S.K.: 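Here it is, the structure, as structure tokens.
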Amino acid sequence: MIRNTKRGPSVLLAIAILALAGLAEASIAAPEAAAQRRRAEPLPPTLRAKPHKSFYRGTFEVVGRVGGEEQYRVGPETIQLGVDVSVDADGNMFSEYTLDFGADDPSVGTTPYSVLGLVADQWRPTLEGLPFISFLPLPEEPKAVGGEWARLSAYTLPDLELDFAEATRFWIESIEGDVITILYSAEGGGTTTIEQPQFGRDAKREITRESAREGTFVFHLTEGRVVSSERLERIVTTSVLYVSGQDPQPGPEESQTLTFQLLPADGSR
């Protein structure tokens, strides 16, 4: 049997009105559904350092090479690091630290601090910055997973009297409750020229140092402190000697590879 499916104008009009009504309801419901989803999603956290006392145990190793050949190796050495961040009578935050290599004379010191962590020029890729491996510069604005921020720093390396500039990029890899995992990578460099009169009256040596590093920080949001961290750094120094009347003479490449790992110890709060 073949049914007649032809409909009159009044029937088609009724169907059209119902369809438009459905579209209208959908168009009204869509923004409301989106708003509900936004309300259900957690707000990006604002990372802030807070007064705390942390104890860490860690290891570091340094491997030095000249011309590609290993010249020395330090470690792996075990360290104990204690960090006490507090607020003074004027409301300013500061950090006291104790770095112990297992000897009888631990290194102690004090450094300014803030809710955004250390100032950039204190966070440097050298062994003298070892007490600060439990700190990182924090972003001013809230950040969700994938959120990024960057820090530029410039300082002088005293051993070479070399002005060094560095750019560091941070990004949030994951957020699980109060535990935030932050990755970072950094590149920097600088060049200086020193006189070398032992090779001639106008002889000079141009020295270039470059560094690259990457690592991870695990940050506790409520406690406002770093729980653990690790990083790998490579610092390369090259030089070229310029003597009047001679071709430039490149020196051997010198490099240091530094490996750090910091884990929590009992007593942190």
Side-chain angles (χ1 to χ4, degrees), residues 38-58 79-99 108-125 128-155 166-186 188 213-231 233 260-269:
R38 286 193 298 269
R39 288 194 293 269
E41 293 173 354
L43 294 175
T46 300
L47 282 65
R48 291 293 182 264
K50 300 176 183 178
H52 64 270
K53 182 174 289 186
S54 296
F55 297 96
Y56 306 92
R57 56 184 174 83
I79 64 171
Q80 303 289 332
L81 176 63
V83 176
D84 187 355
V85 176
S86 55
V87 181
D88 64 18
D90 296 325
N92 300 314
M93 292 180 70
F94 66 98
S95 172
E96 297 178 291
Y97 64 84
T98 301
L99 180 64
V108 297
T110 302
T111 182
Y113 200 62
S114 78
V115 294
L116 295 177
L118 289 169
V119 295
D121 62 0
Q122 291 176 299
W123 201 67
R124 47 197 171 189
E128 65 192 65
L130 188 60
F132 304 140
I133 59 178
S134 65
F135 299 113
L136 77 158
L138 298 173
E140 295 184 1
E141 64 281 345
K143 296 290 182 183
V145 172
E148 299 184 7
W149 65 100
R151 288 292 183 271
L152 300 177
S153 59
Y155 45 87
E166 184 178 53
T168 307
R169 170 178 165 259
F170 302 88
W171 65 98
I172 295 180
E173 181 187 44
S174 65
I175 300 176
E176 298 181 6
D178 278 341
V179 178
I180 301 176
T181 301
I182 302 166
L183 306 185
Y184 74 91
S185 62
R213 55 180 168 154
E214 60 185 16
T216 304
F217 284 95
V218 176
F219 186 81
H220 195 284
L221 184 63
T222 301
E223 297 177 2
R225 67 183 182 93
V226 169
V227 177
S228 63
S229 69
E230 60 182 37
R231 71 189 191 193
E233 305 176 1
F260 298 88
Q261 184 178 40
L262 203 62
L263 298 172
D266 294 339
S268 298
R269 62 180 187 274

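Numbers here are sequence positions counted from 1. Treat the numbers as computed from the prediction; the structure is a model and nothing was measured.
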S.K.: Find the distance between CG (Leu81) and CG (Leu99) and round it off to the nearest 0.5 Å.
M.R.: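 Reported to 0.5 Å precision, the distance equals 6.0 Å.
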
S.K.: Donor-acceptor pairs are to be reported for all side-chain atoms of residues 135-148 against protein atoms at under 3.5 Å, with residues two or more places apart or in another chain.
M.R.:
from: Glu141; atom 1: OE2; to: Lys143; atom 2: NZ; distance (Å): 2.8
from: Lys143; atom 1: NZ; to: Glu148; atom 2: O; distance (Å): 2.7
from: Glu148; atom 1: OE1; to: Arg169; atom 2: NE; distance (Å): 3.2
from: Glu148; atom 1: OE2; to: Arg169; atom 2: NH2; distance (Å): 3.0

S.K.: Compare every heavy atom of Thr110 with every heavy atom of Phe94, then report the nearest pair and how far apart it is.
M.R.: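 Closest approach of Phe94 to Thr110, heavy atoms only: CD1-CG2, 3.8 Å.
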
S.K.: Give the minimum heavy-atom separation between Ala49 and Gly117, together with the two atoms involved.
M.R.: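 Taking Ala49 first and Gly117 second, the nearest heavy atoms are CB-N, 4.4 Å.
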
S.K.: According to the interplanar angle, ranging from 0 to 90°, do the rings of Tyr113 and His52 count as parallel (below 30°), tilted (30 to 60°) or perpendicular (above 60°)?
M.R.: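 Tyr113 vs His52 ring planes: perpendicular.
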
S.K.: Without swapping roles, check the side chain of Asp88 against the backbone of Asp90 for a donor-acceptor pair under 3.5 Å.
M.R.: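 Confirmed, Asp88 side chain pairs with Asp90 backbone.
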
S.K.: Using every non-hydrogen atom in the two residues, find where Phe217 and Ser229 come nearest and quote the distance to one decimal.
M.R.: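 Shortest heavy-atom contact: CD2-CB, 3.5 Å.
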
S.K.: Taking only residues two or more places apart in sequence or in another chain, which ones pass salt bridge (charged side-chain N to carboxylate O under 4.0 Å, His left out) with Asp84?
M.R.: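 Testing Asp84 for salt bridge (charged side-chain N to carboxylate O under 4.0 Å, His left out), a comparison that skips the adjacent residues, returns Lys53.
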
S.K.: Hey, could you give me the CG/OH distance between Leu263 and Tyr56, rounded to the nearest 0.5 Å?
M.R.: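 The OH atom of Tyr56 is 10.5 Å from CG of Leu263, to the nearest 0.5 Å.
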
S.K.: Rounded to the nearest 0.5 Å, what's the gap from OH on Tyr184 to CD on Glu214? Could you check?
M.R.: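 One gets 8.5 Å once the value is rounded to the nearest 0.5 Å.
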
S.K.: Side-chain contact test, heavy atoms from C-beta onward, threshold under 4.5 Å: evaluate it for Leu47 versus Pro45 and give yes or no.
M.R.: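 Yes, side chains in contact.
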
S.K.: Measure across Pro51 and Ser86 and return the closest heavy-atom pair with its distance rounded to 0.1 Å.
M.R.: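 Closest heavy-atom pair between Pro51 and Ser86: CB-CA, 4.3 Å.
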
S.K.: Distance from Leu183 atom CG to Glu173 atom CD, nearest 0.5 Å?
M.R.: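 It is 4.5 Å, given to the nearest 0.5 Å.
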
S.K.: Tell me, do Ser95 and Val83 make a side-chain contact under 4.5 Å, heavy atoms counted?
M.R.: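 Side chain of Ser95 against side chain of Val83, heavy atoms only: contact under 4.5 Å found.
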
S.K.: Please report the interatomic distance CD(Glu223) to NZ(Lys50), rounded to the nearest 0.5 Å.
M.R.: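 Going from the CD atom of Glu223 to the NZ atom of Lys50 covers 9.0 Å.
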
S.K.: Going through the checks in order, is the side chain to side chain contact (heavy atoms under 4.5 Å, CB included) test met by Ser54 and Tyr97?
M.R.: CA-CA 10 Å; Ser54 296; Tyr97 64 84; over 6 Å; no

S.K.: Any chance you could lay out the side chain to side chain contact (heavy atoms under 4.5 Å, CB included) test for Ile172 and Phe219, step after step, and finish with the verdict?
M.R.: CA-CA 10 Å; Ile172 295 180; Phe219 186 81; over 6 Å; no

S.K.: Using the side-chain contact (heavy atoms from CB on, under 4.5 Å) criterion, which residues pair with Val115? Sequence neighbours excluded.
M.R.: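 Val115: side-chain contact (heavy atoms from CB on, under 4.5 Å) contacts with Arg48, Met93.
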
S.K.: Going through the distances and angles, do Leu262 and Val226 end up as a side chain to side chain contact (heavy atoms under 4.5 Å, CB included)?
M.R.: CA-CA 10 Å; Leu262 203 62; Val226 169; 5.8 Å; no

S.K.: For the CH2 atom of Trp171 and the OG atom of Ser185, what is their distance to the nearest 0.5 Å?
M.R.: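 Trp171 CH2 to Ser185 OG: 4.5 Å, rounded to 0.5 Å.
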
